[in-house]
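The next block holds one structure in the form of structure tokens; read it before the comments.
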Amino acid sequence: MSVVKSPLSDADLKAVGEALRGALVDLVDLSLVAKQVHWNVVGPRFRSVHLQLDEVVDTARLHSDTVAERCSAIGVSPDGRSATVASRSAIGAVPEGWIKDVDAVQVLVRALGVVIVRMRERIVATGDPDPVSQDILIGLTGDLEKHAWMFQAESA
């Protein structure tokens, strides 16, 4: 059941809905991963990495809300439930316990890399059916790529 009439055709709505729902899952999980690492990072670069992780959390949360609202605007129910995120995210598990700063950086480089690849696929998938959703995905991918660059520079 949809309470919002979509401006998209059924086929376009299916493709765009899958892309947006997938983006939401990845953003919710990225925020959780970054926060978990944030709480457990230790080492000589603790403070800088700790603060950098919060920036990723803020970015992921901001964009997850934008993506979820775009879902709603086109008649797709957003799904950020924990069970959905756990079963559909490709980020992978975060190590348990304290995480050395150099390892924390690598965890984020890998997580951001996985999410960015998937976002770029979604950018392509939404280009023809819904340039508005594509624009949202392009903007958030740019922000994620900036974080990936900064974390990679941390480990150079």
Side-chain angles (χ1 to χ4, degrees), residues 2-8 12-41 47-95 99 101 104-155:
S2 177
V3 296
V4 177
K5 174 73 175 123
S6 177
L8 304 175
D12 288 350
L13 184 62
K14 183 178 188 304
V16 174
E18 287 175 6
L20 291 173
R21 286 178 121 196
L24 180 60
V25 162
D26 285 347
L27 290 167
V28 169
D29 198 25
L30 181 61
S31 72
L32 294 171
V33 164
K35 197 48 122 168
Q36 180 65 25
V37 175
H38 166 91
W39 291 326
N40 286 284
V41 65
R47 182 156 175 75
S48 64
V49 174
H50 183 79
L51 295 173
Q52 198 173 354
L53 288 161
D54 261 345
E55 292 173 6
V56 173
V57 172
D58 291 345
T59 296
R61 287 179 178 169
L62 174 70
H63 285 299
S64 66
D65 195 50
T66 300
V67 168
E69 289 175 354
R70 180 64 185 158
C71 282
S72 295
I74 63 169
V76 172
S77 173
D79 188 357
R81 296 173 298 159
S82 59
T84 302
V85 172
S87 68
R88 296 188 183 155
S89 177
I91 293 176
V94 174
I99 304 170
D101 51 9
V105 167
Q106 289 308 307
V107 167
L108 260 291
V109 167
R110 281 190 300 276
L112 286 161
V114 166
V115 173
I116 288 166
V117 165
R118 288 164 56 110
M119 291 300 178
R120 286 185 160 274
E121 292 168 355
R122 294 174 182 122
I123 288 168
V124 172
T126 55
D128 288 333
D130 187 20
V132 176
S133 294
Q134 182 190 47
D135 185 56
I136 290 168
L137 295 172
I138 289 169
L140 76 87
T141 302
D143 287 348
L144 296 177
E145 287 177 347
K146 182 178 177 182
H147 287 299
W149 156 55
M150 291 184 171
F151 274 105
Q152 289 175 59
E154 232 358 273
S155 63

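Counting begins at 1 with the first residue of the sequence.
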Is the shortest side-chain heavy-atom distance between [X] and [Y] below 4.5 Å?
X	Y	answer
Leu20	Val76	no
Leu108	Val37	yes
Pro95	Val107	yes
Leu144	His63	no
Met119	Ile138	no

Please check: side-chain N/O of [X] versus main-chain N/O of [Y], any donor-acceptor pairing under 3.5 Å?
X	Y	value
Asn40	Gln36	yes
Ser89	Ala86	no
Arg122	Gly22	yes
Ser6	Ile74	yes

Distance from [X] atom [atom1] to [Y] atom [atom2], nearest 0.5 Å?
X	Y	atom1	atom2	result
Gln152	His147	CD	NE2	13.0 Å
His50	Trp39	NE2	CH2	11.0 Å
Ile136	Ile123	CD1	CD1	11.5 Å
Leu30	Asp26	CG	CG	8.0 Å
Arg120	Glu145	CZ	CD	4.0 Å
Leu24	Asp29	CG	CG	11.0 Å

Side chains of Asp79 and Thr84: is there a donor and an acceptor less than 3.5 Å apart?
yes
Nearest atoms (heavy-atom pairs only) where [X] meets [Y]:
X	Y	result
Val4	Ala73	CG1-O, 3.7 Å
Ala60	Leu27	CB-O, 3.5 Å
Val16	Ser133	CG1-OG, 3.6 Å
Glu154	Val105	CG-CG2, 3.8 Å
Leu8	Leu13	CB-N, 4.0 Å
Ala148	Ile116	CB-CD1, 3.8 Å

Under-4.0 Å salt bridge between Glu55 and Lys146:
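No.
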Apply side-chain contact (heavy atoms from CB on, under 4.5 Å) to the pair Leu53 and Phe151, showing each step before the final yes or no.
CA-CA 9 Å; Leu53 288 161; Phe151 274 105; 3.9 Å; yes
Is the number of heavy atoms from other residues, nucleotides or ligands within 6.0 Å of CG (Asp128) greater than 12?
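Counting neighbours around CG of Asp128, 12 or fewer heavy atoms of other residues, nucleotides or ligands fall under 6.0 Å, so no.
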Before you tell me yes or no, could you show the steps for Asp65 and Arg61 under side-chain contact (heavy atoms from CB on, under 4.5 Å), namely the whole-Å CA-CA distance, both residues' side-chain angles and the distance that decides it to 0.1 Å?
CA-CA 6 Å; Asp65 195 50; Arg61 287 179 178 169; over 6 Å; no
